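The structure appears right after this line, and notes come after that.
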There are 2 protein chains.
Amino acid sequence: MHPLTGDARLPRYQQLRDHMVMQIANNRWRPGEAIPTEAALAAEFDMSVGTVRKAVDVLVAEGVLERQQGRGTFIRRPQFQSSLFRFFRFETANGERVVPESRILAITAVPAPSAVAQALGLGAQAEVIRMQRIRLLGAQPVLAEEIWLPRQPFQALLEVDLDSKGPLLYPIYEHLCGQVVASAEETLTAEAVDAVHGRLLHLPADSPVVVIERLARDYAGKPLEWRRSRGHAQHFRYRIDIR
Amino acid sequence: MHPLTGDARLPRYQQLRDHMVMQIANNRWRPGEAIPTEAALAAEFDMSVGTVRKAVDVLVAEGVLERQQGRGTFIRRPQFQSSLFRFFRFETANGERVVPESRILAITAVPAPSAVAQALGLGAQAEVIRMQRIRLLGAQPVLAEEIWLPRQPFQALLEVDLDSKGPLLYPIYEHLCGQVVASAEETLTAEAVDAVHGRLLHLPADSPVVVIERLARDYAGKPLEWRRSRGHAQHFRYRIDIR
DNA sequence: GTTATATAGACATATATATGAATTTGAGGG
DNA sequence: CCCTCAAATTCATATATATGTCTATATAAC
């Protein structure tokens, strides 16, 4: 039994929620693992099971945890393959979803442009890794991405052959660099394609492209990656539910 | 004290939630009004306050109700001005948000095209109201909308001067037709503008436009309106949070 | 009449307890 | 070795109760 460290003026269930977010951010439990049972947490923090449940309710609503009746409560692994591919529908001729292949055009360490440094919360001339890649369906390019990462925790990316590790970057970040992407903010807009991206995407001049900018964060909210993706507008379809 | 009518195999808090959704859909309470207190509901349905709170929790999470400590629990009025204007940023030169004016180009009753009938859940040749309008910032058209409504509950719209009642339709639906929009689903995509909409929006050929299709429903989930809006891509910027 | 103050009403937090339902584990039987 | 079934574990539902906090209203003081 040990005490909560947070702001004692807050409700106890909020204190426990904050405490658990910290524990998750500090890797006390890994994604996919079970947290202690409600009874164990109640004993550990000397509160009733009802209060523990309320704290867990909040984290479930926030998408951090996932309950399974009879099994336990688990750290949820964010499903980012669904994120980008909720928007872009890449399908084969017979209609099944596919993840486009990845071809990396360049990956280098450079001083951060000011916009990137600001997005990632870095100092003015911090070193960042810049990656350019193309996503392809067969021979057809469908998405052009530029990706920026702080150099320090992601140094290892410069020393391996990324194309051999599959098209999804976030599992690579986790296994190679120990960085877990937990949430992201995206901004979405459309524009007429410029000359450079028209060539990359095999699009005629002035074709409409969708532009998605994404800032990905870890469990503690620290920015890990900033990227900008441009894709064919025909492939783009996004659905929103209001209220 | 009277019994719940729903499926008795469901948890009681779910039964109460379902019951209250029906009451709201049947206008037992209007948007903005307070529902009975937790103690009163507990007495009315012969359950504990804790169970009532859980049912209310669900409706609050769904955005149907809104709690105010010390005052009561209220039917939430959806804020749809924020919906479209979370996507499109219409601002004056000095940066303040504005709602574009509305000019209705046409409003007529016609047999429903099959796609519209399907979206609205109507029979094959049901009568619908078709409205075309342009949204303007000063002299500049920024949005072209086509709006489809089932004729029966919205007949009154054909008999008044809509342009004199301001640019927001949902308050008009509520006051003139007694129809309250409670939720909506939107689908978002981009395309190159066609000749007709290029003329309407004063855009050169092949400019990128964002297309938003919306199906609006009442509290019971019945479709009330289907619309398709096209707007300048430059004005469009949408932000999403993913976990 | 205006301003404090007290009170009542309503939701918020917290605990305790009992029972139900889904899952896992492990003992026995074949 | 495999299958079945019972028991233990864990979350889900439901109730009861006490106290705190916020709001609105009524009362008292000036």
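Everything numeric here is computed off the predicted structure, so don't read it as measured data.
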For atom [atom1] of [X] and atom [atom2] of [N], their distance in whole Å:
X: A/Arg17; N: C/dT13; atom1: CZ; atom2: P; result: 14 Å
X: B/Asp57; N: D/dT13; atom1: CG; atom2: C1'; result: 14 Å
X: B/Leu16; N: D/dT15; atom1: CG; atom2: C1'; result: 15 Å
X: A/Arg67; N: C/dT23; atom1: CZ; atom2: P; result: 15 Å
X: A/Glu66; N: D/dT10; atom1: CD; atom2: C1'; result: 15 Å
X: B/Glu38; N: C/dC11; atom1: CD; atom2: C1'; result: 5 Å
X: B/Leu41; N: C/dC11; atom1: CG; atom2: P; result: 8 Å
X: A/Phe45; N: C/dA14; atom1: CZ; atom2: C1'; result: 17 Å

Protein-to-nucleotide contact annotation, 5' to 3' order, nucleotides 17-26 of chain D [B base; S sugar-phosphate only; - none; under 4.0 Å, heavy atom]: ---BBBSS--
Quick one: on DNA chain C, does A/Gln15 or B/Gln68 contact a more 5' nucleotide (nearest heavy atom)? B/Gln68
Quick check on [N]: is either OP1 or OP2 less than 4.0 Å from any side-chain nitrogen or oxygen of [X]?
X: A/Thr73; N: D/dC11; result: yes
X: B/Lys54; N: D/dT13; result: yes
X: B/Tyr13; N: D/dA14; result: no
X: B/Arg12; N: D/dT15; result: yes
X: B/Arg53; N: C/dA12; result: yes
X: B/Thr51; N: D/dA14; result: no

Can you tell whether the side chains of [X] and [Y] come within less than 4.0 Å, N to carboxylate O?
X: B/Asp57; Y: B/Arg67; value: yes
X: B/Glu186; Y: A/Arg237; value: no
X: A/Arg217; Y: A/Glu225; value: no
X: A/Arg133; Y: A/Glu146; value: no

Among B/Arg214, B/Arg227, B/Arg228, which one satisfies side-chain hydrogen bond (donor to acceptor under 3.5 Å, both in side chains) with B/Glu145? B/Arg227
Worked verdict on B/Val60 versus B/Glu66 for side chain to side chain contact (heavy atoms under 4.5 Å, CB included): CA-CA 6 Å; B/Val60 169; B/Glu66 184 174 5; over 6 Å; no
Please list, chain by chain and in numerical order, all residues satisfying salt bridge (Lys or Arg N to Asp or Glu O under 4.0 Å) with A/Asp7, sequence neighbours excluded. A/Arg9
Relative to the ring of A/Tyr238, is the ring of B/Tyr238 parallel (under 30°), tilted (30 to 60°) or perpendicular (over 60°)? tilted
Between the two end axes of the helix from C/dG1-D/dC30 to C/dG30-D/dC1, each built from 5 base pairs, what angle do you get to the nearest 10°? 10°
At their closest point, which heavy atom of A/Ala190 faces which heavy atom of B/Val210, and how far apart are they? CB-CG2, 4.0 Å
Within 6.0 Å of CZ in A/Arg28, more than 12 heavy atoms from elsewhere: yes
